[in-house]
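Everything below concerns the one structure shown next.
Chain identifiers are assigned alphabetically (A, B, ...) following the order of the sequence lines, protein sequences preceding nucleic acid strands; residue numbering begins at 1 within each chain.
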Number of protein chains: 2
Amino acid sequence: MKYSDAMSLTAALLSATGSLVQDIHTGVVAHGFDDLRPTHGFVFTRLAPDGATVTDIAAHLGFTRQAASQIVDELERKGYVERRPHPDDARSRLILLTERGWRCTRAAEASAAEAIRPWVEMLGERRLLALRDELLRLAPAGPIRPSW
Amino acid sequence: MKYSDAMSLTAALLSATGSLVQDIHTGVVAHGFDDLRPTHGFVFTRLAPDGATVTDIAAHLGFTRQAASQIVDELERKGYVERRPHPDDARSRLILLTERGWRCTRAAEASAAEAIRPWVEMLGERRLLALRDELLRLAPAGPIRPSW
DNA sequence: CACATTGGGCAAGCTGCTTGAGTATATGAG
DNA sequence: CTCATATACTCAAGCAGCTTGCCCAATGTG
């Protein structure tokens with residue numbers, strides 16, 4: 001495979017990902033949740049459905065635990081999440097979505113569905129799902145947040 | 001298309017893109033260019049092959065012109081680019097890659113080819129190029145840099 | 001019961017971007 | 001030609017968001 005193919009694949013991934021994240025975020029803001037950034041959305045996806053600890057969130061974002069804790073502070077202050085004592089470990093705290101957090105999550109899902117609708121029209125649902133499955137095979141895990 | 005499909009597609013894109021960018025960056029550092037971040041690489045791709053202005057770079061990154069100018073400052077100080085007077089417009093300056101900048105660009109291309117090699121093995125070259133083309137159809141243009 | 005490990009958070013610092021202001025050149029209307 | 005406006009760039013200050021360094025409490029390990 002040529003060098004230029006590798007570079008154009010990278011550019012294509014960056015462009016599609018950036019555009020999709022931006023569209024979802026715009027939709028979320030349009031639903032009235034205008035005090036959040038895409039990063040907060042990445043936290044929500046980790047919190048749903050059963051909650052998570054600060055350490056879990058830090059690993060999911062690729063941040064330090066302190067940074068994750070600060071983000072949880074902010075989300076708590078804005079009413080999207082709440083800290084509960086952890087049932088199994090008194091050191092830890094279980095972070096859960098509040099009702100407002102759930103409403104925002106549903107708004108994000110609706111925005112995502114809306115954002116990819118033109119993609120469905122272009123490629124068809126079948127191809128798009130196949131594309132997703134291929135991508136998942138290529139990069140199954142790892143932190144969501146790019147590190148640059 | 002279900003809400004959850006849109007979300008899993010987003011997650012798949014984020015994961016694959018983040019992993020690829022990270023791998024390329026690791027390769028570039030391994031080639032000895034350890035004073036750069038992936039963002040600088042995005043600048044290089046815009047500069048090759050014919051150079052660009054600060055305004056071009058700002059649009060490409062999705063930054064302000066001031067931020068782009070600062071990044072060019074840094075790259076100039078580190079010897080990767082040089083500012084030349086613009087042949088057609090005395091207000092403007094044409095930014096060009098130095099020899100060191102070109103060496104780094106080639107190292108990035110080699111690292112990208114290396115990084116996707118397991119992908120080629122998993123999907124095959126044919127499918128991978130098709131995936132790239134589909135992505136390019138979905139999101140043809142726009143700034144490279146995600147805004148979060 | 002020591003002692004290392006793990007989960008969490010406070011405080012300070014710094015990087016990387018933005019906002020604000022200013023200069024030089026270009027462009028266009030009259 | 002002249003003046004008004006727009007464009008290309010940069011300097012300086014501000015600041016958001018993350019890291020580093022430190023600390024405490026609870027858990028597990030022998």
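Residues passing the salt bridge (charged side-chain N to carboxylate O under 4.0 Å, His left out) test with A/Asp73, sequence neighbours excluded: A/Arg83. For A/Arg46, the side chain to side chain contact (heavy atoms under 4.5 Å, CB included) partners two or more places apart in sequence, or in a different chain, are A/Ala52, A/Asp56, A/His60. Under the rule for a side chain to side chain donor-acceptor pair (under 3.5 Å), A/Arg137 has no partner lying at least two apart in sequence or in another chain.
Counting Ile, Leu, Val, Met, Phe, Trp and Tyr side chains that sit under 4.5 Å apart, directly or through other members, B/Leu96 shares a hydrophobic cluster with B/Leu94.
The distance between atom CG of A/Leu75 and atom P of C/dG9, rounded to the nearest whole Å, is 13 Å. The interatomic distance linking A/Asp35 (CG) with D/dG17 (P) rounds to 12 Å, in whole Å. Counting to the nearest Å, the P atom of C/dT15 and the CD1 atom of B/Ile71 are 15 Å from each other. If you measure from atom CD of B/Glu74 to atom C1' of C/dC14, you get 14 Å, rounded to the nearest angstrom. Atom pair A/Ile95:CD1 and C/dG8:C1' shows a separation of 10 Å (rounding to whole Å applied). When the P atom of C/dG16 is taken as reference, atom CG of B/Leu61 falls 14 Å away, rounded to whole Å.
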> How does protein reach along nucleotides 5-16 of chain D, written 5' to 3' as B (base within reach of a heavy atom under 4.0 Å), S (only sugar-phosphate), or - (no contact)?
Replying inline: --BSBBBBB---
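OP1 and OP2 of C/dC17 both lie 4.0 Å or more from every side-chain N or O belonging to B/Thr64.
Along DNA chain D, the nucleotide nearest A/Ala90 and the nucleotide nearest A/Gly62 are compared for position; the residue whose nucleotide lies closer to the 5' end is A/Gly62.
Side-chain atoms of A/Thr17 do not come within 3.5 Å of backbone N or O of B/Thr17 as any donor-acceptor pair.
Listed by first and then second residue, the side-chain hydrogen bond (donor to acceptor under 3.5 Å, both in side chains) pairs that reach into residues 108-120 of chain B are B/Glu114-B/Arg117, sequence neighbours excluded.
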